[in-house]
Each structure stands twice: as structure tokens, then as C-alpha cells.
Amino acid sequence: MIKKIIFPFLIVALIFSMSSPASAGKVFSDVGDQYAAKAELEFLAEQGIVTSGPSVAYGINRSITRLEASEMLVRALKLDITNRPDPSVVDVKKGSPGYEFIATVVDEKIMVGNLKGQFNPDSLLTRAEMAAILVRAFDLQQPNGYKKFQFVDVNVKSFAAPSIAILFANNITFGYPDHTFKPAMTLTRAHFGIFLARMLEPEFREALTCFEPAAKKTHHVDVAVTTLWTAPNAARLIDKPAVSAPTDIRKWTKTMTIPQKQWLVGKTETQALYGQEVVVLKTSGNWLQVAVKDQYSPKNKSGYPGWVPASHIEESYADYGQCATAMVKAPITNLYHAETTARQFMEISFNTILPVLDEQGDWVKVQTASDGVKYVKKQDVNVLKKGSEIPAPTSEDIMTTAKKFNGLAYLWAGTSGFGLDCSGFTYSVYRQHGIDIPRDASVQATHGTAVKKSELQPGDLLFFAYNKGKGSVHHVGMYIGNGKMIHSPNPKKTVEIISIDAEPYRTEFSGARRYLK
């Protein structure tokens, strides 16, 4: 039971009235529409817990003091601050700033002084202190059947350990992706506001519906698309959008000239998508050599190798392996902070795969590896239940997917909806339908089932080689029927549909392979 609350909280408090001052225009000068915790902080303003206004800064990045936390808690709990006994701390006397608030939280046994009898009102609040304070303030208990979890940096003998466990069990905090809670770290005002909003309104809590803690850390891509290079530090100035964090592959492909695109041949290897797992092979300064696990290549047993900026890779635990998954089927779509297109987080590519927490109307709630909960439009993804397999595609399914990219710019090493090379195109189309084929054309030409040219069916892959088809394979296309193929030819062109008898393809044809069963 919450201590001495005068007015009950209602879920309708989340719905901002048109006549409410907090809903008129910008609530805080430093909280924009794209801010991840905008709803939580606006909720605090609506409840009168914090002062708001278009010219008032919430102070999202400023550390919160014990006095500030006391004031917010008193307002949140609607506690009477009159006629409270002296807090009996040596550094707070009548007339001291915030005396009434401090006296109230001490009287309610929400916050106490230290062993020296000091309250330290200007000291910064740590995450461990926050946990103990919130549990005491709201009389929070362990729910029945709660999921046990031990943060790796929380000593079980710590004063805050029981409170941290209670917060986790009640979906107030999940800590960090590396299984740490960081108990000694000070809190920002934004973080304290988020925790307080979750305490007051369950709608802000995130239930761990399919959370299963993993025992071992893994590495994953933490940008929309990372490009693998043949060597570290090989990127040019024009390549900055591709090697920065976050990346902007759309800008990169649009700003390069044809010669600049041609320069990439032999300099870049492949690409990996947001959330995709990689194996770290080597380190060189600010670059990592990684292998993309989902891309088969004889170059490395762990996956397709290449060098990426270290800022593109994060280490975390794959704790959501038991969830359903959402695979992006649109060439490009967006992740959002909430169920509204007004709060965009990141553009993501075709074939990006994310764990699903819930489906709500037109939205799918997904869990990212290191960026928390996000939302994607249901129309742009295919959701696959855990344990289910992607339905075996027909040739028509393959053709429908392939033709989505007709007109897309060619990009050497490309495997995303922002740009594709020839084998990246065929690899990506088949991957969408649950068929993992090798990444490179030369290797694709040695797998699958050999097919005569006279027996081609839509979906079959056509290979082209130097020396009039007798040399090494350098290109692949996909047969679509009626003597035509769709392919991503070279930096001068886009994905296109042409006759298989067009030159030089007629002369350089070296064989065909079928991957559909």
C-alpha cells in the first residue's frame, strides 16, 4: 500500500486533456517529440510532480540530488508536508532549502540520514539508493511467481540487493544489456523520472514475456547496416555515412558518383544488419574483424569475414531467444519509440530480424539488443512464432519478393534494402523465405541443384563467367520466366529485368542452380 496517498491514481491520467496546461504545446524545452521517455516525463508534469512549461527545462541529462528526489516523491505520493517532526539530521535545519520535504521523507521512513547523522541534500542519488527508496516509498513487494534474476554486479549482501530484485520482479527495471545494474552510478533526472512513472503507472512497465537470461555474451550489429571492409581504416571521406555511428546508408549511396561506387569493388566485402550476430576475430585500433554468422562463406568457418568500425558492434546477452521474431519484408522501414510515426528511432532494412514482445493493432512491439523496446508497423514485417519455420516458398513468392527491388541502386557488397550487389540480391531474396544460400556468386554456383538452361524455372539462379562462360564466375541473376531474368548488374545501373539472351550474358552464361525444392 502506498504511504498516505490522498488521491488515487487513475489510468485515465495518461490521457492528456486538451484543456490541461501540460498538454498545450511543448511540455519541456529539452524534451522533443523524438525523446524516448517523452510520455513518462509528460505524465509527471500532468500529475504536478514536476514543474513544466515550453520554456522550462526538465534537465534530462542532469544528475538528480537527494533533495530533488525527495521533492518529487512527496508530490508523487501526495504527502502532507505540514507539522512534520524535525528530521534530526545535522545538516538540515528549519529554514534550510527543502526542509519540509526532507522532514516528510524522513518521517515517512522513505529516506534516512547516514551514520554521521547527515542527510546530504545536495548529494547525487545512486541507482542502489534509488532502488531502496522506491521500494520503501511504495511498499513494493515481490509478486507471486516472479522470475528470479541476479545482476552480475550486485552483491547479494548489499543493502540494496533485495530492493533491486523487487524492482526487477515488478518490471520497474531490467538493468543493462550486459546483465549489470550499475548500483554505484548516479541517476539523471530523466532516469529517476522514468522509474517514478513506472512505479505510479503500470502502463509504463515492460513485461518480460519471453525473457530467458543467456549465460554467454554475444556480439551484434548496433547500426542499421554495417559494411564489412577488406582492411581496417580503408574508408574514404565520402564513405563517412557508412562508417559513422549511426550510419546513413541512404545518404552514402546517393552521394557517391559512379567512379566512387566502382572504387568499392575489392575494398568492401559484404554487409550485416541491425541486430545480426557476428563473431569478433581480430582487433586493430578502432576496427574489428568480424564474421557474419548468417552468411556462409568458405573464407571463414564462423561466417563471412571483414572489418567494421568497433562503434558498430555491441556486446550483450541474447536474452530474448525464446521470443517470436519479426523479419522486415519491406525494402526499408522504420523503428519507432512508441506506437506513433511521430517518434522515429531508426530506419532499418529488409531482412532485419528482431524478437517480438507483443502485437498491438497495427504495431509490433520488438526488443532490440541494446536500444530497448521499439515498435515497427505490422504491415512491414512477417512475424514467426518461436519454434515455427518460415513456410516453404513457391516460385511466385520468390518472384514477388525479387521484384520489390526492381530499380534499386547497385552497391558493391550490398545486402540491404538501401543497395544490393548481384549475389547480395539473390542471397537476400532467398533469406527472406528461410532459405540460406551462400553469400557470393562463385559459391552459390557450386551449391543447390544443377539445372539445364532448357529446363529453367522462375527462381533458378543463372551464373555468368569470364572467358565466354568457361572462366571464373563473376555474376549471378535470377530467372523470372519467359526468357528473362532480374539482377543487380553493376555500379552504373540499378536492379533490372532483361532478356537472358542479352549480351554479354548470352555469351558468358556458365550454368544454373535451383535452390527451391
Side-chain angles (χ1 to χ4, degrees), residues 36-37 126-128 130-132 134-135 140-185 187 191 194-195 198-199 202 204-222 272-280 290 293-294 302-303 313-327 335 345 352-359 364-376 383-388:
T126 68
R127 287 172 60 85
M130 174 273 299
L134 289 180
V135 168
L140 200 61
Q141 305 295 322
Q142 289 279 18
N144 293 328
Y146 67 93
K147 189 185 293 291
K148 292 184 178 180
F149 177 72
Q150 179 63 44
F151 291 105
V152 297
D153 60 345
V154 175
N155 189 320
V156 293
K157 296 181 180 180
S158 164
F159 79 95
S163 297
I164 292 170
I166 290 173
L167 290 185
F168 178 86
N170 283 276
N171 300 323
I172 304 298
T173 181
F174 304 135
Y176 291 85
D178 61 357
H179 287 187
T180 62
F181 183 77
K182 305 189 190 314
M185 189 171 75
L187 280 168
H191 283 163
I194 293 169
F195 288 124
R198 289 174 182 170
M199 295 294 297
F204 289 123
R205 303 179 190 182
E206 296 291 347
L208 295 181
T209 54
C210 49
F211 177 83
E212 292 292 340
K216 185 179 179 181
K217 289 183 180 181
T218 54
H219 292 85
H220 65 273
V221 177
D222 198 39
L273 309 177
Y274 183 62
Q276 200 161 10
E277 186 179 350
V278 299
V279 176
V280 175
V290 301
K293 290 187 68 173
D294 295 328
S302 296
I313 306 299
E314 287 289 337
E315 185 180 38
S316 67
Y317 293 87
D319 296 327
Y320 297 87
Q322 300 305 309
C323 298
T325 55
M327 175 184 269
L335 284 179
F345 169 64
T352 298
I353 300 174
L354 295 168
V356 172
L357 300 181
D358 196 12
E359 297 181 56
V364 177
K365 182 193 292 188
V366 296
Q367 178 69 42
T368 66
S370 57
D371 297 308
V373 173
K374 303 299 176 211
Y375 294 82
V376 64
V383 175
L384 187 68
K385 292 182 179 180
K386 176 63 180 178
S388 301

Point-to-point distance, once rounded to the nearest 0.5 Å, from [atom1] of [X] to [atom2] of [Y]:
X	Y	atom1	atom2	value
Asp319	His179	CG	NE2	3.0 Å
Thr209	Tyr320	OG1	OH	8.0 Å
Ile353	Thr325	CD1	OG1	6.0 Å

Walk me through whether Glu315 and Val280 qualify under side-chain contact (heavy atoms from CB on, under 4.5 Å). CA-CA 10 Å; Glu315 185 180 38; Val280 175; over 6 Å; no
Might you work through the side-chain contact (heavy atoms from CB on, under 4.5 Å) test for Val290 and His219, ending with a clear yes or no? CA-CA 9 Å; Val290 301; His219 292 85; over 6 Å; no
Do the side chains of [Y] and [X] get nearer than 4.5 Å, heavy atoms only?
X	Y	answer
Asp371	Asp222	yes
Leu357	Val366	no
Leu167	Met130	yes
Val373	Gln367	yes
Glu206	Lys365	yes
Met199	Leu140	yes

For the student: nearest non-hydrogen atoms of [X] and [Y], plus distance:
X	Y	result
Arg127	Gly175	NH2-CA, 4.2 Å
Ala369	Pro177	O-CB, 3.5 Å
Ala214	Tyr317	O-CD2, 3.3 Å
Ala169	Pro143	O-CG, 3.6 Å

Passes side-chain contact (heavy atoms from CB on, under 4.5 Å), Thr126 versus Leu187? Steps please. CA-CA 6 Å; Thr126 68; Leu187 280 168; over 6 Å; no
Ignoring hydrogens and geometry, is there a side-chain-to-backbone donor-acceptor pair from [X] to [Y] under 3.5 Å?
X	Y	answer
His220	Tyr274	no
Lys293	Gln276	no
Arg205	Arg198	yes

For residues 149-178, which residue pairs pass the side-chain hydrogen bond (donor to acceptor under 3.5 Å, both in side chains) check, not counting sequence neighbours? Asp178-Thr180
One pair to check against ring-ring contact (aromatic ring centres under 6.0 Å, His included): Phe181 and Phe168. What are the steps and the verdict? CA-CA 10 Å; Phe181 183 77; Phe168 178 86; 9.8 Å; no
Neighbour count >12 (heavy atoms, 6.0 Å) for atom NZ, Lys182: yes
Would you say the ring centers of Phe174 and Phe211 fall short of 6.0 Å from each other? no
Please determine whether side-chain contact (heavy atoms from CB on, under 4.5 Å) holds for the pair Val364 and Val383, giving the CA-CA distance in whole Å, both sets of side-chain angles, and the decisive distance to 0.1 Å. CA-CA 9 Å; Val364 177; Val383 175; 4.2 Å; yes
